2 protein chains.
Amino acid sequence: MDRASYHSVIVSVSLAGKGVSIYCSVSALNLSGLTKLPVLISPSLEEARRELVIGLEARRLLVMVASCTVEYSGRTGSHLGEGERLVIVKGDGCILVHRGRDYQPVNWQPSGCIIQAQASNGTLVLKAVRPSPLESLTLVVKDVQFLGTFLLQDDAEFVLHASEEEMQRAIILQPDVIEQGFKILDFEKKVPPGFVDVYGVDTEGNTVVIEIKKDPAGFPVIKQLLEYLKYLQAPPGKKLRPMIVAPSIAKGAQPALAKSGIEFKQLTLQKAVAILQKYARSDQQALKSWL
Amino acid sequence: MDRASYHSVIVSVSLAGKGVSIYCSVSALNLSGLTKLPVLISPSLEEARRELVIGLEARRLLVMVASCTVEYSGRTGSHLGEGERLVIVKGDGCILVHRGRDYQPVNWQPSGCIIQAQASNGTLVLKAVRPSPLESLTLVVKDVQFLGTFLLQDDAEFVLHASEEEMQRAIILQPDVIEQGFKILDFEKKVPPGFVDVYGVDTEGNTVVIEIKKDPAGFPVIKQLLEYLKYLQAPPGKKLRPMIVAPSIAKGAQPALAKSGIEFKQLTLQKAVAILQKYARSDQQALKSWL
DNA sequence: GCCTAGGTCCCGTTG
DNA sequence: CAACGGGGCCTAGGC
């Protein structure tokens with residue numbers, strides 16, 4: 001089959017490995033873009049291997065439905081007996097093996113792998129080796145139901161309203177959200193055990209140490225904050241005010257909070273986003289008035 | 001197209017929404033199983049919607065390559081502009097939106113969602129709503145390159161050599177791996193802050209408190225173990241011997257380990273698996289001699 | 001390379 | 001229902 005014949009071949013369909021193919025003249029149809037869609041249905045293993053090699057070489061997205069076994073060996077090991085799975089190989093060298101249920105892949109390899117397809121003893125073997133940490137994923141494919149190779153045109157930006165970061169940005173943009181007159185001195189301030197999310201002073205000159213959580217604040221965050229306090233001190237005659245900023249307090253954590261002298265300031269992600277939007281608007285207005 | 005005509009239709013291919021279809025008589029071919037493979041190539045949005053509804057109803061695996069935008073709203077929110085993506089919907093009601101790169105989906109919804117496909121204003125809208133926590137994922141599909149619905153036959157068992165658990169089992173099966181004469185009293189022993197992995201006595205009658213890590217042991221595990229110790233005591237005249245069992249010690253953690261009086265016993269996952277296999281073999285032999 | 005922290009983490013178990 | 005820990009977690013950022 002000639003991959004370069006843009007106007008005569010749309011879909012190559014080989015049935016049950018018997019070399020039966022369906023060709024369709026497309027000269028009369030508006031099918032620009034379709035020629036980049038090789039789709040094999042029930043190809044022979046050798047046909048599938050050829051297509052995989054071409055797709056891997058071109059770093060296309062490979063989508064395969066096949067019966068296979070899967071072995072993983074590396075940080076630990078795993079074995080999965082034969083069954084039909086959805087196998088995805090992406091252009092950046094990652095691979096996902098999905099079963100018919102569950103959000104997570106049953107086996108996978110993150111991006112940066114060396115992936116190859118080889119014939120072996122009447123089966124098709126797909127190997128994905130990750131150099132560091134050294135680990136390898138091996139699929140022994142017995143039968144391919146479907147194999148498609150795609151080129152995804154996708155330049156869109158992904159925007160996530162990312163919880164903790166947005167809460168931090170909201171506090172930085174509008175420190176009043178913590179309390180009237182609160183001033184920020186630093187954020188992501190390094191202390192030996194980690195980083196203080198926000199660090200500032202109140203109107204009395206006391207040092208405020210803020211730990212932000214997007215989820216209900218529980219014991220771990222209290223411990224974390226107390227740990228940080230060991231390495232911080234207030235100016236002479238002033239106090240250290242440890243404070244947790246979160247949407248709520250976890251169920252059993254209230255007593256520990258009171259006992260440890262940590263303050264709690266409620267801030268929901270929603271409110272944080274609202275603040276950011278307000279500033280984005282005023283930024284826009286500032287920009288407008290500038291022009 | 002008649003889905004029930006097992007012997008006359010294999011693949012329905014509709015091109016660019018123009019209703020062009022390719023049919024192939026399969027009466028002469030051995031194609032059992034192929035009829036369960038409806039595959040649409042560049043269908044119209046309405047054709048795709050029909051197929052999606054049928055596939056969702058039948059709880060099949062849906063694999064779609066389409067140009068779409070994606071909105072997520074729930075625990076946080078996200079926006080993704082138009083672009084071509086691989087969309088997977090599984091029978092248990094989870095959905096994955098993958099871009100051409102990266103291991104992880106750009107958007108998703110875990111299993112247990114209510115998923116529906118509807119026509120809307122010349123577009124196809126795919127919605128996945130998760131009841132708790134309440135969150136929703138919305139795909140506005142502008143163009144479908146490919147849509148396949150599959151039924152994956154897969155009853156195989158997945159076996160993972162699961163790090164910490166296997167290390168614990170190895171110690172329980174063969175306590176000598178810790179030291180000669182070590183005897184186990186309990187495991188997963190409850191103390192207020194959590195669970196002690198393994199709890200036992202040495203030949204001198206001292207209490208040994210073991211925390212297992214599959215990764216290099218760092219500061220957090222030292223703290224955790226010291227926390228547990230507060231709630232444990234040795235018999236009169238005996239010592240408490242806190243011990244970390246792990247493949248190695250994290251770089252900076254050695255001094256803290258020495259200072260805190262915690263012992264370290266090296267155990268790699270590999271060795272643990274070897275022990276388990278030895279016992280599996282002896283189990284088999286015991287079974288054989290029994291028969 | 002190691003280590004730290006966050007994630008729409010997901011996922012199981014337990015209270 | 002919430003909370004807790006583990007994961008082949010993955011991923012990004014620092015050192």
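Just so it is clear, the model here is predicted, and its values are computed rather than measured. Chain identifiers are assigned alphabetically (A, B, ...) following the order of the sequence lines, protein sequences preceding nucleic acid strands; residue numbering begins at 1 within each chain.
DNA chain D is contacted by both B:G194 and A:G77; B:G194 maps to the nucleotide lying nearer its 5′ end (nearest heavy atom per residue). Each of A:A250 and A:T76 was matched to the nucleotide of DNA chain D holding its nearest heavy atom; the match closer to the 5' end belongs to A:A250.
Across all strands, A:K214 comes closer than 4.0 Å only to sugar-phosphate atoms, never to a base (heavy-atom distances). Contact annotation for B:K213: backbone-only contact, meaning every heavy-atom pair under 4.0 Å involves sugar-phosphate atoms and none involves a base. In this structure, A:F219 reaches the sugar-phosphate backbone alone: every heavy-atom distance under 4.0 Å involves primed, P, OP1 or OP2 atoms, never a base. Residue A:S78 is classed as having no contact, given no heavy-atom separation below 4.0 Å to the nucleic acid. Within the nucleic acid shown, B:F158 has no heavy atom closer than 4.0 Å to any nucleic acid atom.
Within a 6.0 Å radius of NZ in B:K142, more than 12 heavy atoms belonging to other residues, nucleotides or ligands are found. The 12-atom threshold is exceeded at CD of B:E188, counting heavy atoms of other residues, nucleotides or ligands nearer than 6.0 Å. The number of heavy-atom neighbours closer than 6.0 Å to CZ of A:F264, taken from other residues, nucleotides and ligands shown, is above 12. The environment of B:K259 atom NZ is sparse: at most 12 non-hydrogen atoms of other residues, nucleotides or ligands sit within 6.0 angstrom.
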Practice problem: Take B:N107 and B:L80 through the side-chain contact (heavy atoms from CB on, under 4.5 Å) test and state the conclusion after the steps. | Solution: CA-CA 9 Å; B:N107 280 109; B:L80 179 62; 4.2 Å; yes
Where do N or O atoms of nucleotides 10-13 of chain C meet protein N or O atoms at under 3.5 Å, pair by pair?
residue: C:dC10; atom: OP1; partner: B:R75; partner atom: NH2; Å: 3.0
residue: C:dC10; atom: OP1; partner: B:W108; partner atom: NE1; Å: 3.2
residue: C:dC10; atom: OP2; partner: B:R75; partner atom: NH1; Å: 2.9

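Atom NZ in A:K223 sits 9.5 Å away from atom NZ in B:K223 (nearest 0.5 Å). Residue A:E84 holds its CD atom at 10.5 Å from CG of B:L61, rounded to the nearest 0.5 Å.
For A:D215 and D:dA3, the CG to C1' distance is 12 Å, given to the nearest whole Å. Distance CZ (B:R101) to P (D:dA12): 13 Å, rounded to an integer number of Å. For the pair A:E164 CD and C:dT8 P, the computed distance is 11 Å after rounding to whole Å. Computed from coordinates, the B:L269 CG to D:dG7 P distance equals 10 Å when rounded to whole Å. Atom pair B:E166:CD and D:dG6:C1' shows a separation of 14 Å (rounding to whole Å applied). Separating the NZ atom of B:K190 from the C1' atom of D:dA3 is a distance of 11 Å, rounded to the nearest angstrom. Nucleotide C:dC9 holds its C1' atom 14 Å from the CG atom of B:L96, rounded to whole Å. If you measure from atom CD1 of A:I222 to atom C1' of D:dA3, you get 14 Å, rounded to the nearest angstrom.
In the set C:dC3, C:dG6, D:dG8, the nucleotide with an atom closest to the side chain of A:N107 is D:dG8.
When Watson-Crick and G-U wobble pairs are counted only if both distances are under 3.5 Å, D:dG8 pairs with no nucleotide at all.
When the C1' atom is used for both C:dC11 and C:dG7, the distance is 14 Å, rounded to whole Å. Taking the P atoms as reference points, D:dG8 lies 22 Å from C:dA5, given to the whole Å. With P as the reference atom, C:dT8 and C:dT4 are 22 Å apart, rounded to whole Å.
Between the side chain of B:Q266 and the backbone N or O of B:P247 there is at least one donor-acceptor pair closer than 3.5 Å.
Between A:R101 and B:G91, the shortest heavy-atom contact is NH1-C, 4.0 Å. Shortest non-hydrogen contact noted between B:E166 and B:L160 is OE2-O, 3.7 Å.
Between A:K214 and A:E164 there is no salt bridge, since none of the side-chain N atoms of the basic residue sits less than 4.0 Å from a carboxylate O of the acidic one.
The base of D:dG8 lies close enough to the side chain of A:Q109 for a donor and an acceptor atom to sit less than 3.5 Å apart.
In this structure, A:F195 does not count as stacked on the base of C:dT4 under the 5.5 Å centre distance and 30° plane angle limits.
Within residues 252-266 of chain A, no residue has a heavy atom under 4.0 Å from DNA chain D.
A close approach under 4.0 Å does occur between a side-chain nitrogen or oxygen of B:S163 and OP1 or OP2 of D:dG7.
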